[in-house]
Structure formats: structure tokens, C-alpha cells
Trainee: 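Below you will find the structure I want to go over with you.
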Amino acid sequence: MPGRIQSVERAAMILRLLASGPRQLGVVELAEAMQLPKATVHGILQTLQHVGFVEQDRSGGKYRLGATLLHLGNSYLDINELRTRAINWADSLASRAHESVRIGSLHEGQVLIVHHVFRPDDSLQTLDVGELLPIHATALGKVLLAFDLQSDALLADVDTKSYTRNTIASKDDLVADLEEVRARGWAADIEELVQGEVSIAAPIRDDRTVVVGAIGISGAIERLCDAAGRPHVELVAAVRDAARAVSRDLGARRW
């Protein structure tokens with residue numbers, strides 16, 4: 001069998017670097033990050049630019065991901081069965097809960113947002129599709145981590161980075177929290193990723209009863225929680241109902 005192709009690996013590394021951090025990087029920054037000569041990095045960038053995978057800003061300086069690559073990514077999400085089956089139920093949940101809805105799946109130890117429905121009001125909102133969220137500091141991530149078949153292996157690699165004073169930064173505390181998630185069938189994060197924001201999520205299962213994703217709502221703590229800081233029971237019920245509906249569409253048995 002042929003070995004790996006170094007130039008392809010380097011091109012993939014450039015795309016990963018451009019997809020993180022400030023989103024625009026120059027040849028010097030990329031060369032330093034990859035520990036490669038500037039001429040080598042520039043040659044790869046020229047090829048990626050030719051096929052539309054990267055674009056250079058008008059000043060001829062820094063590079064960013066190109067429209068062709070973003071289109072390919074969106075095409076993948078469009079044919080993703082989880083997203084396709086969940087779209088209508090996500091819209092329904094947003095209307096019922098009056099909050100934004102996100103659907104996520106596991107990707108390299110993080111939560112990949114595959115669908116996002118805006119909160120049904122006129123407020124300024126940012127589309128999160130394609131974003132990667134920390135698995136330990138989000139309700140979506142806790143659901144995916146709690147019910148994954150390789151949960152122990154995933155947990156061993158989790159970086160319990162603190163984002164707020166409420167983030168679970170201890171592996172032991174995270175294990176205890178995940179046990180509660182399994183027992184009650186849903187997860188919440190109370191200002192664990194962003195101060196003042198709360199999210200609630202529940203698992204989506206397929207016809208094998210395997211958890212293949214999670215659906216949840218997120219919003220301001222004063223809207224999602226009661227005076228004691230507990231998620232409103234009617235919102236938890238709405239999220240769980242939506243998760244069951246998507247699961248049934250994926251062939252899961254009723255539970």
C-alpha cells in the first residue's frame with residue numbers, strides 16, 4: 001500500500017489553521033506554525049487558491065478559507081441524515097421554546113454544530129453551523145459524552161478548560177455530572193461556557209438505539225431558569241420531546 005502523501009497532509013494542515021484562530025493568516029504566520037519554509041507554504045497556498053479552497057484578501061496579504069471549500073462543507077451538512085431528519089423538529093422546538101436551537105454531533109472530541117435555528121425574534125444573532133464547541137462545557141457535549149459507546153476513552157482525552165467560574169474543571173466532577181445526565185436523560189450547562197447563558201439538550205438515537213447526536217436550546221439564564229437557577233421543566237420537556245421525535249424519524253423505538 002502506498003504511504004501518506006506529504007503535500008496533501010501539509011495542505012490539510014493549512015486548512016485547519018485557517019479554520020481556527022483569527023480565520024486569516026499570512027504566509028509568515030503559517031510557515032512559523034508549520035515549521036516549514038515560506039516558499040513551501042506559499043506554493044501550497046497558490047495551489048489551494050487555484051482550486052478555490054483558500055482566498056487572499058484584496059491587499060494581497062493574508063489568506064482565509066475559500067468559498068468553494070465552504071460550499072463543500074455545507075453540501076456535506078445538507079446530506080447529513082441527522083440534519084435532514086431534524087430540520088422540521090428543530091424549527092418546531094424553536095417556536096415552542098422561543099429560543100435558538102442547535103443540533104450537534106461528535107467530531108474529534110468536540111461538538112460540531114450541524115444545524116442552527118435562530119431564536120424567533122428580531123434580535124441580532126450569528127449562525128453557528130460548522131462551529132466546534134467544547135464537549136465538557138455545553139449541554140450538547142455532555143449528552144454526547146455521556147451516551148457515547150466510547151465514553152471512557154473520550155473522557156480520558158477531555159481538556160477541562162475553564163471558560164467561566166461555573167465550568168466543570170475537574171474530571172471527577174465531570175464524571176459525576178455525566179452520571180446524572182444518563183440517569184435523567186438530558187443535560188444542562190448553567191453559565192458554563194458563556195456567562196449569563198444556559199443550554200439544555202437531549203440525545204438523538206438511531207434505529208440501533210445508539211446516540212448519534214443531540215438537540216438543544218440555548219438562551220439567557222433569566223429566560224431558561226427559575227429563581228433557584230434550575231432549568232424550567234417545560235423547556236426540558238420541549239427539548240426531550242423534540243429529541244424523541246427526531247429519533248423516531250431515524251428509526252429508533254419509542255421510549
Side-chain angles (χ1 to χ4, degrees), residues 12 14-25 48 52-55 63-145 148 163 187-189 192-194 197-206 211-220 224 235 238-239 242-243 245-247 249-250:
I14 287 176
L15 295 176
R16 287 179 181 272
L17 288 169
L18 292 176
S20 62
R23 305 282 180 156
Q24 292 194 40
L25 295 169
L48 291 172
F53 284 7
V54 303
E55 297 173 352
Y63 292 83
R64 58 178 177 269
L65 293 180
T68 299
L69 185 64
L70 296 175
H71 174 72
L72 289 174
N74 287 332
S75 295
Y76 165 75
L77 294 175
D78 286 341
I79 64 173
N80 181 282
E81 186 175 9
L82 171 62
R83 180 178 184 271
T84 301
R85 298 281 187 174
I87 285 177
N88 290 337
W89 296 113
D91 288 343
S92 177
L93 176 58
S95 297
R96 179 177 174 183
H98 306 290
E99 299 293 346
S100 64
V101 175
R102 293 181 295 188
I103 297 168
S105 62
L106 273 176
H107 178 73
E108 297 183 353
Q110 294 177 286
V111 183
L112 172 65
I113 302 302
V114 300
H115 187 57
H116 179 200
V117 180
F118 284 164
R119 185 170 62 253
D121 60 22
D122 296 328
S123 61
L124 181 63
Q125 300 174 65
T126 303
L127 188 66
D128 291 340
V129 173
E131 291 292 317
L132 289 169
L133 303 180
I135 198 170
H136 71 292
T138 58
L140 291 171
K142 291 180 186 180
V143 165
L144 295 170
L145 185 55
D148 190 79
Y163 295 90
D189 83 74
E192 294 174 41
L193 182 62
V194 178
E197 290 190 8
V198 170
S199 63
I200 304 166
I204 297 171
R205 302 174 186 271
D206 66 7
V211 172
V212 293
I215 185 171
I217 60 174
S218 59
L224 270 66
L235 293 178
V239 171
V246 178
S247 298
D249 276 2
L250 287 170

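Residues take their numbers from the sequence shown, with the count starting at 1. Keep in mind that the numbers below use all heavy atoms, side chains included, and drop hydrogens, waters and symmetry copies.
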Trainee: Could you measure the distance from the CG atom of L224 to the OG atom of S218? Nearest 0.5 Å is fine.
Mentor: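 Those atoms lie 7.5 Å apart.
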Trainee: Check this for me, if you would: do R102 and D128 make a salt bridge, where the nitrogen-to-carboxylate-oxygen distance has to be below 4.0 angstrom?
Mentor: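 Salt bridge between R102 and D128, a charged N being under 4.0 Å from a carboxylate O: yes.
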Trainee: Could you list the residues that satisfy side-chain contact (heavy atoms from CB on, under 4.5 Å) with S123, not counting sequence neighbours?
Mentor: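 Counting only residues at least two positions away or on another chain, S123 forms a side-chain contact (heavy atoms from CB on, under 4.5 Å) with R119, D121, Q125.
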Trainee: Do I113 and I103 have side chains that approach each other closer than 4.5 Å (heavy atoms only, starting at C-beta)?
Mentor: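 Not in contact.
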Trainee: Distance-only, no hydrogens or angles: does the K142 side chain make a donor-acceptor pair with backbone N or O of A188 under 3.5 Å?
Mentor: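 Yes; at least one donor-acceptor contact below 3.5 Å.
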Trainee: So, does D206 use its side chain to make a donor-acceptor pair with the main chain of L250 at under 3.5 Å?
Mentor: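 Not at all, since once roles are kept as given, no pair shorter than 3.5 Å links the two residues.
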Trainee: How many angstroms lie between CG in L65 and CZ in R16, if you round to the nearest 0.5 Å?
Mentor: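 The CG atom of L65 sits 12.0 Å away from the CZ atom of R16.
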Trainee: Specify the closest pair of heavy atoms between A238 and L93, including all atoms of both residues, with the distance to one decimal.
Mentor: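 Looks like O-CD1, 3.5 Å.
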Trainee: Please, which pairs that meet salt bridge (charged side-chain N to carboxylate O under 4.0 Å, His left out) have at least one residue in residues 211-220, sequence neighbours excluded?
Mentor: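 Applying salt bridge (charged side-chain N to carboxylate O under 4.0 Å, His left out) to every pair that reaches into residues 211-220, excluding sequence neighbours, yields nothing.
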Trainee: Could you tell me the separation between the OH atom of Y63 and the CD1 atom of I14, rounded to the nearest 0.5 Å?
Mentor: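 Between atom OH of Y63 and atom CD1 of I14 there are 9.5 Å.
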Trainee: Give the intermediate values and the outcome of side-chain contact (heavy atoms from CB on, under 4.5 Å) for residues F118 and E99.
Mentor: CA-CA 7 Å; F118 284 164; E99 299 293 346; over 6 Å; no
Trainee: To the nearest 0.5 angstrom, please state how far the CG atom of L235 sits from the CD1 atom of I200.
Mentor: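 Going from CG on L235 over to CD1 on I200, the span is 5.0 Å.
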Trainee: Checking H115 now: which residues fulfil ring-ring contact (aromatic ring centres under 6.0 Å, His included) with it, not counting sequence neighbours?
Mentor: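 With sequence neighbours excluded, H115 shows a ring-ring contact (aromatic ring centres under 6.0 Å, His included) to no residue whatsoever.
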Trainee: Could you tell me whether the side chain of S247 and the main chain of A243 form a donor-acceptor pair under 3.5 Å?
Mentor: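 A pair under 3.5 Å: yes.
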Trainee: Mind checking the CG-CG spacing from L145 to L140? Nearest 0.5 Å is all I need.
Mentor: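 So the gap between those two atoms works out to 12.5 Å.
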